[in-house]
Amino acid sequence: MCQCECVSHISRRKTSSSSSSSGKARSQAGKFVNQVGRAETPKEQRSSSDASRRSHRPPQEAATPHAPSPGSRTHHTPIPNMGSGHYFWAILYFASLCSASLANNAKINFREKEKKVLDQILGAGKYDARIRPSGINGTDNKATNVSVNMFLRSISKIDDYKMEYSVQLTFREQWTDERLKFDDIQGRLKYLTLTEANRVWMPDLFFSNEKEGHFHNIIMPNVYIRIFPNGSVLYSIRISLTLACPMNLKLYPLDRQICSLRMASYGWTTNDLVFLWKEGDPVQVVKNLHLPRFTLEKFLTDYCNSKTNTGEYSCLKVDLLFKREFSYYLIQIYIPCCMLVIVSWVSFWLDQGAVPARVSLGVTTLLTMATQTSGINASLPPVSYTKAIDVWTGVCLTFVFGALLEFALVNYASRSDMHKENMKKKRRDLEQASLDAASDLLDTDSNATFAMKPLVRHPGDPLALEKRLQCEVHMQAPKRPNCCKTWLSKFPTRSKRIDVISRITFPLVFALFNLVYWSTYLFREEEDE
């Protein structure tokens with residue numbers, strides 16, 4: 001009987017406090033309890049009748065039904081007596097149904113609460129996005145601090161001619177606005193998300209070295225604002241920028257370039273707004289960043305506040321240090337130029353009489369080298385100083401042009417040698433003709449008499465002086481032979497000697513130039529590091 005009263009009392013309490021969904025759960029629990037009661041009724045009646053006979057109670061007392069408790073509803077089916085185990089499982093089942101219904105109600109209320117919070121802090125007449133948030137700890141005379149960080153997604157190109165580079169990044173700003181504080185419902189509401197940036201106050205940041213830029217709106221605008229319970233605001237947006245990058249090309253293509261990304265406030269001075277780099281890791285770079293002709297070595301963050309006639313403005317900058325990949329230029333420029341210079345030396349080994357072959361070879365290599373030089377300069381801006389690549393192409397062009405001039409000199413020497421040889425031949429022919437004429441005279445005048453030369457000559461006789469000089473020459477000690485003259489004496493003509501000297505001189509001078517060139521510019525590159 002006490003068990004029935006407890007069940008009725010619990011049923012009344014649940015009925016008065018639950019909603020319509022909990023009423024359905026109560027009815028299901030009642031059905032479960034009734035089914036359990038029906039299954040146990042015969043056993044309970046037998047046990048109760050046995051107990052009444054042992055206690056000698058009158059049958060009427062045992063058969064008398066229990067009177068309903070005050071306040072109970074008459075439409076409920078009376079719950080028979082049950083065992084303690086079945087009663088426990090019935091209550092547990094009823095409690096689980098009630099907790100499930102309460103959880104569903106809690107989820108719905110949470111979403112409604114989020115909407116109410118947004119209406120409460122951003123409703124009409126409650127928040128003005130034109131007003132700057134207060135400073136540190138809510139003071140009005142302090143500047144608003146804005147923490148900045150970014151994530152570099154890609155760097156698409158670095159243009160040497162226009163001196164610019166393109167970058168895609170996720171830009172983030174974070175500041176505190178005391179007017180946007182709200183109740184987080186015991187930690188269940190972590191933050192609110194907005195996609196309309198004009199709903200709250202925004203810093204007037206701009207990129208000072210920007211040339212072009214655009215937002216990303218596919219599929220939806222890539223921007224969001226998160227409002228945290230303490231009033232902190234996080235603004236994130238994905239943008240693509242084309243930024244100016246002034247370059248120093250004196251060491252091109254062995255150079256390193258520093259490209260900056262500058263951010264500053266446009267209207268708020270440092271008395272009202274201050275930009276700060278986020279502590280820890282303000283700039284993140286995507287892994288496996290690949291550039292066609294450069295390598296990102298490192299990046300540095302710094303401050304660059306600027307003063308103008310209207311005041312001092314907060315500014316941030318990040319310097320990106322790029323190293324140019326030399327392998328591309330080695331294959332495309334340096335090796336082809338070396339090959340052209342070496343090909344121009346082939347004319348030194350051709351016969352000096354092969355004029356068409358040597359002329360065509362020299363002119364072809366010269367024009368090719370000139371075309372190579374013009375193609376290199378076409379991809380670079382016209383600057384007033386000399387670049388490293390200008391020194392290389394200029395010297396190579398000089399060597400090719402020198403090979404062509406060498407053939408001109410050889411051709412002139414060859415014609416000069418031919419002219420001298422012809423003159424000697426004519427002189428020999430004249431001498432031979434005079435000797436032949438003298439012999440004819442001797443044959444015809446064999447009977448003629450000749451005056452005899454004196455056996456003793458006077459000291460002033462020129463013939464005696466000539467003989468004396470010849471004797472002195474033969475009596476002098478012999479000089480050491482000159483190796484170069486001895487070697488060159490193997491080549492009788494001057495044209496041949498010029499070719500032989502060029503075969504050695506041109507390669508040696510070019511090797512010396514390479515030694516000086518690479519040692520100079522590589523050493524200067526290390527100094528820049």
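The figures here come from the full heavy-atom set of this structure, side chains too, leaving out hydrogens, waters and symmetry mates. No experiment lies behind these values; they were computed from the predicted model shown.
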Trainee: Are Asp119 and Lys115 ion-paired here, with the side-chain N under 4.0 Å from a carboxylate O?
Mentor: yes
Trainee: Can you check whether Asn149 reaches Gln284 side chain to side chain, under 4.5 Å on heavy atoms?
Mentor: yes
Trainee: With the threshold set at 4.0 Å, does a side-chain nitrogen-carboxylate oxygen contact exist between Asp160 and Arg324?
Mentor: yes
Trainee: Between Phe326 and Trp518 (judged by ring centroids, cut-off 6.0 Å), do the two rings come close enough to count as a pair?
Mentor: yes
Trainee: Flag the pair Glu210 and Arg262 as a salt bridge only when some basic side-chain nitrogen lies within less than 4.0 angstrom of an acidic carboxylate oxygen.
Mentor: no
Trainee: Does Thr373 offer a backbone N or O that forms a donor-acceptor pair with the side chain of Asn377 under 3.5 Å?
Mentor: yes
Trainee: Should Arg293 and Glu325 count as an ion pair when the cut-off is N to O under 4.0 Å?
Mentor: no
Trainee: Do Lys250 and Tyr385 meet the cation-pi criteria used here (NZ or CZ under 6.0 Å from the six-membered ring centre, within 45° of the axis)?
Mentor: yes
Trainee: Are Phe171 and Phe207 an aromatic pair, judged by ring center distance below 6.0 Å?
Mentor: yes
Trainee: May I ask you to check whether the SG atoms of Cys245 and Cys259 are separated by less than 2.5 Å?
Mentor: yes
Trainee: Between Cys338 and Cys396, is the SG gap short of 2.5 Å?
Mentor: no
Trainee: Would you say that Gln257 contacts Ile158 through its side chain, given a criterion of any heavy-atom pair below 4.5 Å between the two side chains?
Mentor: no
Trainee: Measuring from Lys387:NZ to Ile376:CD1, what's the distance to the nearest 0.5 Å?
Mentor: 10.0 Å
